[in-house]
Amino acid sequence: MINQELAKIFYSISSYLEMEEVAFRPYAYQKAGLVLEVLEENVEEIYKRGGVKALEKIPGVGKNIALKIEEYIKTGKIKYYEKLRKKTPIDLEDIISVEGMGPRKAKILYQKLGIKNLKDLEKAVKAHKITPLFGFGEKTEKNILEGINFLKRNKGRFLLGDIMPVVKEIIGKLENLKEVRKISVAGSVRRMKETIGDVDILTVSRNPTKVMDFFVSLPGVVKVWSKGGTRSSIRMKDDIDVDLRVVSEKSYGSALQYFTGSKEHNITTRRIAMDRGLKLNEYGVFKGSKMIVGKTEKEVYKAIGLVWIPPEMREDEGEIELARQGKLPKIIDYNDIKGDLHCHSDWNGGDNSIKEMAEAAQEMGYDYLGISDHTKFLRIENGLNEKQLTQQRKEIDKLNSRFHSLSSNKQAKFRILQGAEVNILKDGSVDIKDEALKKLDYVIAGIHSNMKMEKEKMTERIIRAMRNPNIDIISHPTGRLIQRRDEYLIDFDKILKEAKETKTILEINSFPGRLDLKDTYIRKAKEAGVKMIINTDSHHKNHLRLIEFGIAQARRGWAEKKDIINSQSLDKLLKFFK
DNA sequence: GCCGTTTTCGGCCCGACTGTTTTCAGTCG
């Protein structure tokens with residue numbers, strides 16, 4: 001967790017420096033933040049092993065930043081950062097989280113109007129105080145207000161991808177206590193919702209007091225809301241609230257069912273219990289005052305005439321009726337994915353070489369990996385042109401023949417595919433010539449510009465791309481960024497119809513801030529018979545693990561193995577491409 | 001502030017879009 005804390009601080013320093021119009025240094029801090037965010041080894045351990053010198057070995061970390069990491073490890077603070085914040089005492093991170101606001105504008109608003117936080121900003125905008133300022137017009141006023149409203153709608157919720165590492169760490173520590181007999185996360189985390197309000201953990205223990213003592217003194221606890229024998233509530237760093245409940249072993253299953261929710265799912269299951277003359281609550285299933293079952297979820301569901309329902313499906317969207325009929329779809333499993341086809345390498349935006357990415361994919365047990373680097377329209381990502389794609393093909397061929405000569409069966413079977421993530425331009429054409437596209441194993445197309453088009457035009461734009469006989473996959477099809485940007489205006493039904501006709505595959509992007517397609521669209525796609533692929537959009541080998549969140553989203557959308565093309569073997573996968 | 005088959009200084013961070021500025025600055029990917 002300390003790596004992520006430092007990453008956040010370095011990002012923030014980068015913003016402050018940008019505000020002060022310092023050249024290049026913001027980029028250096030940004031880079032350090034990026035690297036730390038995905039670094040496998042804890043910086044504390046690196047420091048313990050080799051001091052500042054070892055820290056300097058981390059790419060993007062030089063002497064200065066290494067010393068700052070050391071300072072943070074020793075004191076929990078970075079003086080340089082404190083100084084920057086004191087100099088311009090505003091909630092910069094909050095203010096620039098408003099779409100369209102950046103460090104420069106934040107500085108002007110602070111200097112001219114004394115705006116320090118979102119509240120000040122909202123007040124000033126509503127009083128039309130910013131329009132008279134140089135560089136701020138009516139549209140800016142409107143955009144800022146919209147941005148603030150967007151943030152407000154999503155306040156207090158965290159991305160599942162940000163919460164999960166914290167949850168895993170806490171559960172890992174509690175599991176190691178010999179007093180803990182059973183433990184599981186419940187609530188929206190267990191249902192793998194894309195955003196999370198707070199974390200609920202359930203446990204069974206013979207010594208609740210000891211477990212609670214341990215819980216409230218975990219590292220990273222900033223506040224103890226309450227501490228009791230059966231329930232304690234804490235706030236962790238980054239304002240994440242965590243509840244721990246100790247329940248009795250005989251009620252563990254019903255408690256888990258009750259606290260996993262969703263509320264709507266529980267209302268319906270309780271009604272079903274009532275219809276059968278039973279009562280269902282967090283302590284068990286009761287007939288009169290006699291408890292029938294409660295130890296496991298499976299027997300709880302069975303007692304009210306249902307088969308066990310995967311947590312991701314528990315939203316009362318029809319799953320209960322299917323469970324009653326024994327007709328629940330067999331949704332895709334977390335182990336079903338055989339390869340990842342949306343990955344970037346150091347040929348442009350990524351951090352790792354094709355070889356490193358391939359080795360990481362092999363470690364995950366994959367059979368294949370697709371490299372799909374950005375193409376030339378995206379200059380910042382150093383997008384590849386036709387000639388560079390040909391060169392990249394040579395490298396991939398070389399790596400593949402090297403894998404084939406290896407003795408281990410699994411490795412010899414492994415294959416790297418060459419794709420590309422081309423850009424769908426304003427008119428629906430793409431930025432790479434057809435002859436070059438034909439030479440690739442598959443082609444992903446995505447929108448990375450002009451996102452504010454009218455609904456009809458945007459839909460037409462995507463449809464034209466899907467009709468291109470070389471384009472196989474549409475990446476992040478709706479363009480949303482959770483809590484940051486709405487999806488673009490599209491007629492999704494029309495897109496599904498065209499995808500089906502042109503045999504174009506829609507991506508489920510696993511990045512925690514995207515999850516695009518989202519669950520409800522996945523279900524629609526499945527019902528329309530449109531094939532999907534779960535990809536990570538990795539820019540670093542460690543991102544490959546994010547596949548978990550894409551699979552979770554697919555499960556929430558009831559997708560089965562047959563709906564997801566990269567649950568298939570390489571031979572079968574290749575048949576899906578045009 | 002980092003980095004180095006161009007090694008201890010000089011380069012890195014580009015181009016489109018937006019809003020508003022009549023010639024460009026800030027934001028975003």
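To find a chain, count down the sequence lines: A is the first, B the second, and so on, and within it residues start at 1.
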Stepwise ring pair (Phe, Tyr, Trp, His ring centres under 6.0 Å) check, A:His543 with A:Phe511: CA-CA 8 Å; A:His543 288 157; A:Phe511 239 79; 5.0 Å; yes
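- When distances run from any side-chain atom of A:Pro26 to the nucleotides B:dG29, B:dC13, B:dC17, the shortest one goes to B:dC13.
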Mind listing the N/O atom pairs, protein and nucleotides 24-26 of chain B, below 3.5 Å?
unit_1 : atom_1 : unit_2   : atom_2 : d
B:dG26 : OP2    : A:Arg104 : NH1    : 3.1

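- Here A:Lys68 lies in heavy-atom contact (under 4.0 Å) with sugar-phosphate atoms only.
- The 12-atom threshold is not exceeded at CD of A:Glu138, counting heavy atoms of other residues, nucleotides or ligands nearer than 6.0 Å.
- Among the heavy atoms of the strands, none lies under 4.0 Å from A:Ser449.
- Base pairing of B:dT8: no nucleotide in any strand meets the Watson-Crick or G-U wobble criterion (both distances under 3.5 Å).
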With the criterion being N/O to N/O and under 3.5 Å, what pairs connect the protein with nucleotides 3-5 of chain B, and how long is each?
unit_1 : atom_1 : unit_2  : atom_2 : d
B:dC3  : OP1    : A:Gly60 : N      : 2.5

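- Screening A:Arg480, A:Arg556, A:Arg157 for a salt bridge (Lys or Arg N to Asp or Glu O under 4.0 Å) with A:Glu194, the sole residue that qualifies is A:Arg480.
- Going from the C1' atom of B:dA16 to that of B:dG11 covers 24 Å, rounded to whole Å.
- Protein atom CD of A:Glu421 is 14 Å distant from nucleotide atom P of B:dG29, rounded to whole Å.
- For A:Lys48, the NZ atom counts as loosely surrounded, since its 6.0 Å shell holds 12 or fewer non-hydrogen atoms of other residues, nucleotides or ligands.
- Nearest nucleotide to the side chain of A:Asn64, out of B:dC13, B:dG29, B:dC2: B:dC2.
- In this structure, A:Asn535 contributes its side chain and A:Leu341 its backbone to a donor-acceptor pair below 3.5 Å.
- Here the P atom of nucleotide B:dC17 and the CG atom of A:Asn143 are 17 Å apart, to the nearest Å.
- For the P atoms, the distance from B:dT6 to B:dC12 is 14 Å, rounded to whole Å.
- Between A:Phe577 and A:Tyr442, the two ring planes are parallel [angle under 30°; tilted spans 30° to 60°].
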Check against side chain to side chain contact (heavy atoms under 4.5 Å, CB included), A:Tyr80 and A:Arg85: CA-CA 9 Å; A:Tyr80 178 63; A:Arg85 291 211 301 185; over 6 Å; no
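- Residue A:His374 contributes atom NE2, which lies 17 Å from atom P of B:dC14 at whole-angstrom precision.
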Chi angles and distances behind the ring pair (Phe, Tyr, Trp, His ring centres under 6.0 Å) call for A:Phe492, A:Tyr521: CA-CA 8 Å; A:Phe492 192 64; A:Tyr521 283 167; 4.0 Å; yes
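- Looking at heavy-atom distances under 4.0 Å, A:Ile65 makes contact with sugar-phosphate atoms alone, never a base.
- Taking atom CG of residue A:Leu34 and atom P of nucleotide B:dC13, one finds them 13 Å apart after rounding to whole Å.
- Residue A:Phe24 contributes atom CZ, which lies 18 Å from atom P of B:dC9 at whole-angstrom precision.
- Regarding A:Glu18, its CD atom lies at a distance of 8 Å from the P atom of B:dT27, rounded to whole Å.
- Comparing A:Leu481 and A:Asn450, the nucleotide of DNA chain B nearest to each residue sits closer to the 5' end for A:Asn450.
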Side-chain donor/acceptor pairs under 3.5 Å, residues 99-115 of chain A, sequence neighbours excluded:
unit_1   : atom_1 : unit_2   : atom_2 : d
A:Arg104 : NE     : A:Glu18  : O      : 3.1
A:Lys105 : NZ     : A:Gly100 : O      : 3.4

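- When each of B:dG1, B:dT20, B:dG29 is scored by its nearest atom to the side-chain atoms of A:Thr140, the top-ranked nucleotide is B:dT20.
- Spacing of P atoms, B:dT20 relative to B:dC28, comes out at 15 Å, to the nearest Å.
- Separating the C1' atom of B:dC13 from that of B:dG1 is a span of 14 Å, rounded to the nearest Å.
- Rounded to the nearest Å, the gap between the P atom of B:dC14 and that of B:dC9 is 24 Å.
- Atom name C1', nucleotides B:dC2 and B:dT8: the rounded distance is 12 Å, in whole Å.
- For A:His476 and A:His448, the distance between ring centers is under 6.0 angstrom.
- Stacking of A:Tyr27 onto the six-membered ring of B:dC13 is not present when judged by under 5.5 angstrom between centres and under 30° between planes.
- Summarising the geometry, atom CD1 belonging to A:Ile196 is positioned 10.5 Å from atom CD1 belonging to A:Ile240; distances are rounded to the nearest 0.5 Å.
- Here the P atom of nucleotide B:dC13 and the CG atom of A:Leu17 are 17 Å apart, to the nearest Å.
- Between A:Asn423 atom CG and B:dC17 atom C1' the separation is 15 Å, expressed in whole Å.
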